Asks: 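Below is the structure I would like to discuss, written out as structure tokens.
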There are 2 protein chains.
Amino acid sequence: MKFKNITLKDVAKEAGVSVPTASRVLNNEKFVSDAVRERVLDAARRLNYTPEWSARSLRLRKTDVIGVIIPNVADYFFSSIVLGVEKFFREKGKDIILFNTSNDERIEERAIKLAVSKRVEGIILATICRNHNVIESLVEEFGIPLVIVDNKIDVKNVDFVLCDDVNCSFKLIEHLINVHGYKKIACISGPLDESSGFDKLLGYKKALIDNGIPVKEDYIKIAYWKKSKAYEATRELLSMDNKPEAIYCMNANMLIGCLRYLNEKGVKVPDDVAVLTFDDYDYVSALNPPVTALERIDLDMGLKAAELLYRRINGEKSEYKEIRISPELVIRKSCGCK
Amino acid sequence: MKFKNITLKDVAKEAGVSVPTASRVLNNEKFVSDAVRERVLDAARRLNYTPEWSARSLRLRKTDVIGVIIPNVADYFFSSIVLGVEKFFREKGKDIILFNTSNDERIEERAIKLAVSKRVEGIILATICRNHNVIESLVEEFGIPLVIVDNKIDVKNVDFVLCDDVNCSFKLIEHLINVHGYKKIACISGPLDESSGFDKLLGYKKALIDNGIPVKEDYIKIAYWKKSKAYEATRELLSMDNKPEAIYCMNANMLIGCLRYLNEKGVKVPDDVAVLTFDDYDYVSALNPPVTALERIDLDMGLKAAELLYRRINGEKSEYKEIRISPELVIRKSCGCK
DNA sequence: AACGTTATTAATATCGTTTTCTTAACTATG
DNA sequence: CATAGTTAAGAAAACGATATTAATAACGTT
């Protein structure tokens with residue numbers, strides 16, 4: 001069943017040349033005669049030769065492998081990032097190996113170390129880590145290029161690809177205030193020790209304050225990006241004496257939790273309460289009513305991160321960047337429009 | 001910045017032993033004195049040694065890498081499979097490298113060849129390929145264990161992990177007939193040259209026939225798993241003289257397309273038309289009304305496939321299996337229940 | 001005391017590449 | 001025609017690990 005692998009030696013022998021010559025041909029180097037080149041290529045084709053990558057890696061000290069470390073592949077946001085990264089690097093002839101951290105800080109830490117020990121050429125990381133020492137020391141010590149997506153943390157010598165969370169949140173809330181005249185706006189927020197949560201809340205508050213509406217702490221529910229907690233939060237919000245007129249969900253997961261409760265109780269959107277979400281996914285526009293959101297950026301984010309990483313791998317030495325993507329509003333019916 | 005990598009030689013020197021001895025210690029082999037073992041481990045720790053995997057692979061002729069080939073990571077169904085596979089194999093100390101085929105047969109073919117040439121130890125494949133020669137010849141020639149998920153194709157010496165599509169479709173339709181008395185049931189189907197599409201249609205037809213309802217070809221729309229085509233199909237169905245009482249979407253993507261049309265036109269579910277879907281994802285239960293579906297199996301599928309593959313990698317020689325997962329109905333309101 | 005046995009370590013070969021380093025042959029130049 | 005320069009190809013070394021084989025030490029047996 002399993003035959004002996006064809007090596008360069010076999011190809012060389014078949015073509016009647018030395019091994020290094022065969023190597024030179026297959027790597028498209030100069031200084032080989034056309035006759036020999038032809039013979040070697042022909043032999044390689046005939047024998048169906050495929051190079052042994054581990055030998056090549058060993059010699060060349062490069063693996064052509066990229067590490068992608070994310071909290072959850074089965075989350076639309078992250079899997080879209082992975083899609084972009086895979087597409088970009090596949091074309092460049094690099095493989096990506098995937099690490100799923102399950103939102104566990106220790107697993108993330110282990111994943112980073114593992115990736116480094118496997119000599120990946122670069123890492124794209126969607127971090128949930130609060131302890132940045134590991135990251136910092138690995139970057140310092142091994143000099144592996146690192147691009148962090150979605151969350152800003154305090155680490156040097158790293159590129160970031162982020163969403164312009166503050167302004168985006170701001171835009172959503174201003175729409176509610178300016179167009180619909182709402183004043184009682186609640187939000188279901190992510191955790192505040194992640195910049196993507198913190199900044200979104202910042203934008204929310206800024207929009208209120210700029211428009212002379214006092215921030216009401218009761219209207220802010222932290223649901224840690226989770227459906228079940230958002231469900232609970234929605235229940236609490238609707239059982240208040242001073243019910244909000246609108247609920248702003250800071251990601252799509254929490255939107256799902258929120259809508260589950262609303263549908264269960266027969267609360268009408270947007271008549272009884274308006275609903276907004278940050279992320280726009282396919283199903284958001286298929287909801288009844290379709291939900292107002294911001295344009296999708298995950299695909300773009302993956303692509304941008306990949307591009308940046310690629311340039312670093314190829315030795316670009318420029319200042320470390322912090323790219324902010326700024327999606328536009330996608331107005332649908334759940335906010336009360338139309 | 002980037003220091004010289006620490007090799008086993010350095011460790012050996014530091015510990016004052018030979019290289020092979022250091023190797024034996026780190027691989028937990030017998031025939032080393034406790035004193036030496038301690039010295040080597042200590043040296044390795046002090047120098048922060050990490051093995052060079054390509055060297056190890058070269059010598060051992062094993063890569064500890066699994067290939068996962070799927071049409072689209074950013075599709076919930078497939079990313080959930082990936083999640084299961086990653087979790088399983090991470091624990092076994094194996095990496096997974098991801099190939100996204102973008103639903104393109106040629107890319108899939110290339111991915112398989114690439115995976116093989118990278119000497120992955122096994123492959124998990126969600127295929128859309130109609131030309132099975134490539135698969136067959138690779139399995140034959142290289143003897144790499146292969147587990148195919150979601151679609152049955154005509155290939156020998158391969159394990160399958162599938163959904164019991166015929167019976168599941170049957171269950172859904174029978175529910176519509178028996179409980180709700182519907183007779184005019186349309187379906188939006190996947191392509192029929194994939195078993196997952198063909199078998200679902202088979203179950204649909206069987207349910208009708210077994211209950212004495214003639215199959216009406218006009219009620220069968222092929223939408224190739226796509227949102228846009230499902231949108232179009234829904235439009236066609238609702239513009240028929242003899243409108244269906246219920247629409248059965250064979251996957252969640254097509255459900256989204258279908259619902260988009262229904263919501264846009266203000267068609268009431270389930271009063272004007274009942275709706276069913278095959279796949280159940282988080283958002284399906286957050287829709288208004290929540291949509292009746294079958295239990296999720298994607299996570300389970302990934303795990304099962306990984307287990308099977310792992311056993312093959314470890315040399316299990318038993319008969320090749322065809323595992324069928326059989327999810328139960330999840331009855332919600334979109335079918336007219338409650 | 002001589003020998004065999006066993007536990008521990010070292011020396012060497014090997015995996016499949018690519019990178020020097022050489023050497024040979026050919027070309028151009030005066 | 002001599003000499004330098006260029007092109008083409010091979011020989012040998014290297015990458016970092018492990019497997020195989022050989023060597024040594026310690027020990028018990030007779």
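By convention in this document, chain letters (A, B, ...) are assigned in the order of the sequence lines, proteins followed by strands, and residues within each chain are numbered from 1. Source: prediction; values computed, not measured.
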Asks: Report yes if a side-chain nitrogen or oxygen of B/R56 is closer than 4.0 Å to either non-bridging phosphate oxygen (OP1 or OP2) of D/dT18; otherwise report no.
Replies: yes

Asks: Locate the shortest heavy-atom distance separating B/N151 from B/T127; write the atom from each residue and the value.
Replies: ND2-O, 3.3 Å

Asks: Over how many whole Å does the gap from B/W53 atom CH2 to D/dA17 atom C1' extend?
Replies: 11 Å

Asks: Of all heavy-atom pairs between A/V85 and A/A306, which one has the smallest distance, and what is that distance?
Replies: CA-CB, 4.1 Å

Asks: If only atom types and distance count, is the side chain of A/N27 paired as donor or acceptor with the main-chain N or O of A/S23 below 3.5 Å?
Replies: yes

Asks: What nucleotide, of C/dA10, C/dG16, D/dG16, holds the atom closest to the side chain of A/E52?
Replies: C/dG16

Asks: Which part of the nucleic acid, if any, lies within reach of A/L60 when heavy atoms closer than 4.0 Å are counted: base, sugar-phosphate only, or nothing?
Replies: sugar-phosphate

Asks: Whole Å only: how far is the CZ atom of A/R59 from the P atom of D/dA12?
Replies: 16 Å

Asks: Determine the contact category for B/R61: base if any of its heavy atoms lies under 4.0 Å from a base atom, sugar-phosphate if only primed atoms, P, OP1 or OP2 are that close, otherwise nothing.
Replies: sugar-phosphate

Asks: Without decimals, in angstroms, what is the distance between B/K13 NZ and C/dT9 P?
Replies: 20 Å

Asks: Can you tell which of C/dT9, D/dA19, C/dG16 lies closest to the side chain of B/L58?
Replies: C/dG16

Asks: Between C/dT8 atom P and B/E29 atom CD, what is the distance in whole Å?
Replies: 14 Å

Asks: Which residue, B/L162, B/L308, B/D300, forms the side-chain contact (heavy atoms from CB on, under 4.5 Å) with B/I323?
Replies: B/L308

Asks: Nearest heavy-atom pair of A/R90 and B/L98: which atoms, and what distance?
Replies: NH2-O, 2.6 Å

Asks: Closer than 4.0 angstrom, basic N to acidic O: yes or no for A/K321 and A/E316?
Replies: yes

Asks: So, is B/T7 close to the D/dG16 phosphate, meaning a side-chain N or O under 4.0 Å from OP1 or OP2?
Replies: no

Asks: Does D/dG16 have OP1 or OP2 sitting under 4.0 Å from an N or O in the side chain of B/N5?
Replies: no

Asks: For A/S33 and D/dA9, is the shortest distance between a side-chain N/O and OP1 or OP2 below 4.0 Å?
Replies: yes

Asks: Which nucleotide in the set C/dA10, D/dG10, C/dG16 lies at the smallest distance from any side-chain heavy atom of A/R24?
Replies: D/dG10

Asks: Between B/K62 (NZ) and D/dA17 (C1'), how many Å, whole number?
Replies: 13 Å

Asks: Roughly, in whole Å, what's the span from CD in A/E38 to P in D/dA8?
Replies: 15 Å

Asks: Counting just side-chain N and O atoms, does B/S18 come under 4.0 Å of either OP1 or OP2 of C/dA10?
Replies: yes

Asks: Using atom NZ of A/K9 as one end and atom P of D/dA11 as the other, report the distance to the nearest whole Å.
Replies: 13 Å

Asks: Roughly how many Å is it from CG in B/D34 to P in C/dT8, rounded to a whole number?
Replies: 8 Å

Asks: Considering only D/dT18, D/dA9, C/dT8, which nucleotide approaches the side chain of B/V19 most closely?
Replies: D/dT18

Asks: Between D/dC15, D/dA17, D/dA9, which one does the side chain of B/Y49 approach most closely?
Replies: D/dA17

Asks: Would you tell me if any nitrogen or oxygen in the side chain of A/S23 comes within less than 4.0 Å of OP1 or OP2 on C/dT17?
Replies: no

